[in-house]
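Data first, discussion second: the structure below is written as structure tokens.
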Amino acid sequence: MTKATGADAFEPFQQALTQGWRKALESFQQSAGQGAWTGNGKPLWQMPQMPEMPGMPSLGTMPELPKLSIDPAALQAIQQQYIAEATALWGQGFGAKPEGDRRFAGEAWSGNPLSAFSAAIYLLNGRTLLKMAEAIDADEKTKARLRFAVEQWMAASSPSNSLAFNAEAQKKAIETQGESIAKGIQNLLHDVRQGHLSMTDESAFEVGRNVATTEGAVVFENALFQLLEYKPLTAKVYERPFLLVPPCINKFYILDLQPENSLIRYANEQGHRVFVVSWRNPDESLAQATWDDYIEQAAIEAIHRVQEISGSPQINTLGFCVGGTILSTALAVLAARGEKPAASVTLLTTFLDFSDTGILDIFVDEPMVQYREMQLGKGGLLPGGDLASTFSFLRPNDLVWNYVVGNYLKGETPPPFDLLYWNSDATNLPGPFYAWYLRNTYHENKLAEPDALTVCGEKIDLRRIDIPAYIYGSREDHIVPIGGAYASTQILPGKKRFVMGASGHIAGVINPPAKNKRSHWIRADGKLPKTQAEWLAGAQEHPGSWWTDWSQWLKGHAGKQIPAPKTYGKGKAYQAIEPAPGRYVKARA
């Protein structure tokens with residue numbers, strides 16, 4: 001009797017999986033040829049566990065997608081390559097190793113043949129699915145949606161997400177005699193009760209106690225925002241005060257996490273009299289609030305109040321992300337009214353031209369916008385959890401499944417991290433505000449067109465904001481791609497300075513000089529060619545934070561120095577209402 005070899009033992013599996021994949025590929029080809037959706041709105045095929053995104057209708061209301069086709073020769077090449085690679089894996093037997101993915105890099109994986117083999121097959125399947133998506137003959141947006149769906153499916157179906165295959169979780173369960181499994185169940189029940197996945201130990205933080213602690217006071221409030229004024233940290237301050245407008249889709253204290261990484265405190269230390277808009281976390285009382293309301297009753301209101309409190313006819317302004325879009329819209333409205341309240345504007349990772357919105361573009365088209373207008377355009381709230389889920393699933397392995405594995409399979413408590421605590425502190429959005437924003441910016445890109453929009457009764461043109469501008473973009477930003485941030489240089493007419501920082505949307509911005517981390521890029525000649533790629537070709541890398549460069553620039557627009565005020569606000573009209581950070585920022589979604 002002949003002894004079976006390792007390869008012989010795997011032959012049945014090879015045949016079964018080869019046949020299964022041939023059928024899958026044929027089904028994929030058939031559905032691609034017919035279109036991904038039938039006439040009654042039912043999908044011929046779909047990736048499981050696809051998260052429902054804000055701006056994306058449910059499957060029952062999904063429109064018919066463009067007809068898809070795939071080149072038979074390309075499909076055959078993918079089939080042949082898959083079978084060849086699968087055969088090579090089976091030839092290795094349980095000696096196969098998953099390579100090139102940090103999820104499977106631990107010693108426990110290499111020491112568990114079954115887990116290692118399952119991971120290797122999983123990686124092969126993922127590569128093949130992505131090749132199939134790339135081979136589809138379709139427009140770029142449809143291909144991007146296919147890629148995204150495949151990536152979501154692959155992230156969700158990883159063997160690392162299953163206790164049956166996760167070698168590290170199994171090892172820990174054995175070492176702890178099952179305690180890690182019991183703890184994982186406790187973590188799961190805790191997260192179910194709180195309504196979201198824990199990314200950090202949220203019990204370690206409290207707004208006003210150990211985050212958002214820079215000393216200040218609320219000096220004005222209305223239904224949409226509180227205006228915070230911070231205690232000066234220098235004997236003299238610049239005569240022009242400094243107003244920061246953060247994004248309303250997040251809470252302002254991303255700019256004031258800890259004393260050592262607080263942009264608010266840093267500006268204080270540089271001698272500026274600092275004011276910040278703290279947005280109210282909308283409840284049902286704001287379910288009818290519009291984009292115009294946020295411009296007139298919040299951004300413009302804040303500008304005028306800072307002018308009155310400081311006694312300065314001009315102020316310096318900063319907008320971060322959506323806050324920059326809101327601030328720029330407000331300045332354009334005021335320019336149409338003949339007002340020029342800002343001596344300068346700083347825009348951090350901000351869209352003014354929405355031509356290049358990166359991965360977020362796959363969620364936005366006419367049917368989806370119409371769906372959101374029907375759902376929220378007349379009133380209602382977009383839950384903060386929906387937005388948080390959207391941004392997390394843009395990086396599913398890092399911001400979703402990583403914590404599923406750690407929290408539930410391994411029974412670990414994620415360590416305290418102020419940035420992730422802030423990230424979990426979601427905010428709602430008024431439906432009419434969101435629907436207007438979705439259509440006029442992300443979908444139709446009208447904000448960039450002169451006089452294409454009427455806001456607060458005024459035709460707006462961003463080219464009327466003729467003031468010095470400091471424009472910052474992050475190189476690896478997946479929310480505001482660097483090209484989208486750079487595009488503002490081609491719209492604003494004043495003297496401009498563009499700086500690119502390393503890292504992403506948040507880490508690139510919150511990069512204090514004392515840390516001496518990352519780099520930033522500047523063009524010494526100050527030229528701003530049409531594209532960011534052209535700009536970068538003439539830029540020089542500088543080690544460390546961009547904050548110091550920005551600080552020197554801002555001082556040039558801040559005026560002379562005057563004695564720092566002894567009290568908050570001004571007279572009886574603007575007295576301290578409550579200590580910073582105020583109660584608005586403490587409201588949970």
Side-chain angles (χ1 to χ4, degrees), residues 51 54 161 169 172 179-214 226 228 246-265 276 278-283 320-321 381-429 479 504-507 509-510 512 579-589:
N161 301 337
K172 187 164 187 178
E179 184 179 346
S180 63
I181 296 177
K183 179 61 176 174
I185 294 173
Q186 293 176 10
N187 289 343
L188 175 60
L189 294 175
H190 172 270
D191 286 358
V192 169
R193 286 193 297 269
Q194 76 174 3
H196 64 265
L197 177 68
S198 293
M199 296 182 178
T200 184
D201 181 4
E202 296 182 25
S203 65
F205 299 100
E206 181 183 346
V207 176
R209 178 177 65 83
N210 57 357
V211 290
T213 59
T214 300
Q226 289 186 318
L228 309 180
C248 59
I249 62 172
N250 301 109
K251 295 188 175 180
F252 84 88
Y253 65 90
I254 186 59
L255 301 171
D256 189 32
L257 287 172
Q258 304 287 338
E260 61 270 17
N261 64 0
S262 170
L263 184 61
I264 289 171
R265 184 177 179 86
V276 174
S278 173
W279 298 102
R280 183 177 175 187
N281 200 341
D283 55 21
F320 181 15
C321 189
L381 294 175
L382 178 70
D386 285 7
L387 283 172
S389 294
T390 297
F391 292 122
S392 292
F393 273 101
L394 295 180
R395 294 168 55 196
N397 287 326
D398 293 334
L399 296 179
V400 179
W401 300 108
N402 173 51
Y403 296 102
V404 169
V405 171
N407 296 0
Y408 310 147
L409 301 189
K410 298 181 181 179
E412 299 170 346
T413 298
F417 187 15
D418 54 3
L419 177 59
L420 290 177
Y421 173 78
W422 166 85
N423 191 58
S424 299
D425 194 1
T427 56
N428 301 322
L429 278 182
I479 296 175
H505 190 68
I506 299 299
V509 172
I510 309 305
R583 66 189 186 280
Y584 279 14
V585 74
K586 296 180 181 180
R588 305 284 290 192

Heavy-atom side-chain contact between Leu419 and Ile506 under 4.5 Å: yes
Applying salt bridge (Lys or Arg N to Asp or Glu O under 4.0 Å), name anything that partners Glu206, two or more places apart in sequence or on another chain.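 By the salt bridge (Lys or Arg N to Asp or Glu O under 4.0 Å) rule, Glu206 matches Arg209.
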Could you pull out all residues at least two apart from Lys183 that satisfy salt bridge (Lys or Arg N to Asp or Glu O under 4.0 Å)? none
Do Ser198 and Asn407 have side-chain N/O donor and acceptor atoms under 3.5 Å apart? no
Do we see a donor-acceptor contact under 3.5 Å between the side chains of Asn281 and Thr427?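 Side-chain D/A pair, Asn281 to Thr427: absent.
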Going by side chain to side chain donor-acceptor pair (under 3.5 Å), name the residues that satisfy it together with [X], two or more places apart in sequence or in a different chain.
{"X": "Asn397", "result": "Arg103"}
{"X": "Asp283", "result": "Arg280, Ser285"}
{"X": "Arg583", "result": "Glu221, Glu578"}
{"X": "Asp398", "result": "Arg102"}

What's the spacing between [X] [atom1] and [Y] [atom2] if we round to 0.5 Å?
{"X": "Phe205", "Y": "Phe417", "atom1": "CZ", "atom2": "CZ", "result": "8.5 Å"}
{"X": "His196", "Y": "Tyr403", "atom1": "NE2", "atom2": "OH", "result": "12.0 Å"}
{"X": "Asp418", "Y": "Ile254", "atom1": "CG", "atom2": "CD1", "result": "7.5 Å"}

Gln194 atom CD, over 12 foreign heavy atoms within 6.0 Å: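 Yes - once you tally the heavy atoms of other residues, nucleotides and ligands closer than 6.0 Å, there are more than 12.
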Tell me the closest heavy-atom pair linking [X] and [Y], and the distance in Å.
{"X": "Ala426", "Y": "Gly385", "value": "CB-N, 4.2 Å"}
{"X": "Phe252", "Y": "Ser278", "value": "CD2-OG, 3.5 Å"}
{"X": "Leu257", "Y": "Asn261", "value": "CB-OD1, 3.6 Å"}
{"X": "Thr214", "Y": "Ser262", "value": "OG1-OG, 3.8 Å"}

[X]: partners by side chain to side chain contact (heavy atoms under 4.5 Å, CB included), with sequence neighbours left out:
{"X": "Pro259", "answer": "Thr213, Arg265"}
{"X": "Val207", "answer": "Val211, Ala212, Tyr253, Tyr421, Asp425, Pro581, Val585, Lys586"}
{"X": "Pro247", "answer": "Ile249, Asn250, Phe320, Cys321, Val322"}
{"X": "Leu188", "answer": "Val192, Tyr408"}

Is Asn428 reaching over with its side chain to a backbone N or O of Gly384, donor-acceptor style, under 3.5 angstrom? yes
Pairs in or reaching into residues 404-415: which pass salt bridge (charged side-chain N to carboxylate O under 4.0 Å, His left out), with residues at least two apart or in two chains? Glu168-Lys410, Lys172-Glu412
